[in-house]
Amino acid sequence: MKKYVSVLCFILLLLLSVKLAMELTAKFSMPRTELRENRQEKEPKVERKVTEKSERVKLYLGSDGYLSQLFSEKDREALVNAFQVQEDEVYSFLQGPRSWEEGIPWSGEWCLLGVRGNSFGNFGCGLCCMANIYDTLSPYKVSPWDMCEYAMSVTNYSPSGESGAIGWKHMKETLRFCGFTCYLLHKPATYEEFQQQMEQMESAIVLISSKEDDTYWKDTPGHYVNIWLYRKEDDTVFLAEPGSPENNRSRIPLRYVYDALKTISTFQYLTVEEYQEEDNQWKADGIDELWNAP
């Protein structure tokens with residue numbers, strides 16, 4: 001998404017210029033009566049109308065659909081998709097030492113760090129998910145360990161030798177300092193409601209447990225994973241799985257997530273709706289630890 005912004009701004013500016021030139025030409029060729037009538041009409045603003053993500057997307061420039069006339073349907077879809085995060089732009093950090101030792105992409109030496117003898121590989125899943133969100137949706141790049149240190153500095157999050165997993169409220173508060181609008185939610189009564197929520201979200205951090213359902217996750221009493229890019233046509237999400245290099249960056253049925261949500265937790269998931277640069281109080285950039293970049 002970051003890399004398309006300047007190109008798209010240039011395209012829209014070019015289209016506005018062409019549109020203005022065409023309107024001026026048309027006005028000079030109009031009879032005076034038509035020109036007077038046109039002046040009395042309110043000029044439409046440039047707008048971009050987008051239906052649900054799963055439906056056909058239409059772009060308009062003014063009321064005459066000029067942009068639709070200029071581009072083919074394939075080009076219009078490409079233009080709209082350029083505003084959205086693509087799978088290859090999603091960050092998906094891994095937390096554990098096995099991934100680092102084997103040189104698997106997205107792993108890093110943050111797995112060797114820890115607090116009071118408690119290794120990051122034991123508690124870092126939520127922090128990996130938060131770093132994924134920060135690096136994917138903002139112009140900056142940090143490591144999961146950077147996110148851990150920042151969370152400790154702006155909240156009272158304090159991992160111990162026995163327990164280190166970041167809690168829901170610390171997670172939300174830290175992401176708020178990073179410029180994100182987030183909500184903590186409970187598992188909805190119906191799967192259909194969960195589907196509708198995922199259609200509207202940029203991303204979500206979900207807490208899953210194999211005690212709730214072990215169709216996909218095995219021997220997992222509680223674990224944060226990060227989901228992206230819900231696709232209605234096949235009812236799947238793109239999974240960033242910090243604890244499993246085999247499952248990381250795969251598409252899985254959203255139903256697996258819903259069924260495995262850990263209901264005994266205070267909340268079951270955190271949704272991210274938007275990022276605002278002016279609300280970002282951190283703006284850190286750069287990963288100091290060695291890592292296996294993809």
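Numbers here are sequence positions counted from 1.
- Checked by atom type and distance alone, the side chain of Arg231 never pairs as donor or acceptor with a backbone atom of Phe238 at under 3.5 Å.
- Of the possible donor and acceptor atoms, one in the side chain of Asn132 sits under 3.5 Å from a partner among the backbone N and O of Phe93.
- Looking only at distances, no side-chain donor or acceptor of Arg176 sits under 3.5 Å from a matching main-chain atom of Cys182.
- Atom OH of Tyr256 has 12 or fewer neighbouring heavy atoms from other residues, nucleotides or ligands inside a 6.0 Å radius.
- The shortest side-chain heavy-atom distance between Trp106 and Ile104 does not fall under the 4.5 Å cut-off.
- Between the Ser143 side chain and the Asp146 main chain, a donor and an acceptor come within less than 3.5 Å of each other.
- For the pair Glu102 and Arg98, the salt-bridge criterion is met [side-chain N within less than 4.0 Å of a carboxylate O].
- Between Cys125 and Gln95, the closest heavy-atom pair is CB-OE1, 3.0 Å.
- A salt bridge links Glu277 with Lys283; the closest basic N to acidic carboxylate O contact falls under 4.0 Å.
- A donor-acceptor pair under 3.5 Å is formed between the side chain of Trp168 and the backbone N or O of Phe267.
- Taking both residues in full, the closest heavy atoms of Pro242 and Val225 are given as CD-CA, 4.3 Å, listed atom of the first, atom of the second, then distance.
- Distance alone, capped at 3.5 Å, is enough to place a donor-acceptor pair between the Ser119 side chain and the Cys111 backbone.
- Note: Trp282 and Tyr134 have tilted aromatic rings, judged against thresholds of 30 and 60 degrees for the angle between ring planes.
- Residues Gln197 and Met201 share a closest heavy-atom pair of O-CG, 3.1 Å.
- The two residues Val206 and Ile227 have their closest heavy-atom pair at CG1-CD1, 4.0 Å.
- Considering all non-hydrogen atoms of both residues, Thr236 and Arg251 come closest at OG1-NH1, 2.9 Å.
- Under 3.5 Å, the side chains of Glu173 and Thr155 contain no donor-acceptor pair of N or O atoms.
- Side chain of Ser92 to backbone of Ala240: no donor-acceptor contact under 3.5 angstrom is found.
- At distances below 3.5 Å, at least one donor-acceptor pair connects side-chain atoms of Thr136 with backbone N or O atoms of Tyr91.
- In this structure, Tyr224 contributes its side chain and Ile166 its backbone to a donor-acceptor pair below 3.5 Å.
- In summary, the side chains of Trp217 and Glu241 do present a donor paired with an acceptor at a separation below 3.5 Å, with no hydrogens or angles considered.
- Ring geometry, Phe180 versus Tyr275: the interplanar angle falls from 30° to 60°, so the pair is classed tilted.
- In the hydrophobic clustering of ILVMFWY residues, with side-chain heavy atoms under 4.5 Å counting as a link, Phe120 and Trp100 come out apart.
- Proximity of a side-chain donor or acceptor of Glu89 to a complementary backbone N or O of Gln86 within less than 3.5 Å is detected.
- Legend: side-chain hydrogen bond (donor to acceptor under 3.5 Å, both in side chains) pairs involving residues 181-192, not counting sequence neighbours, sorted by first then second residue: Tyr191-Asp235.
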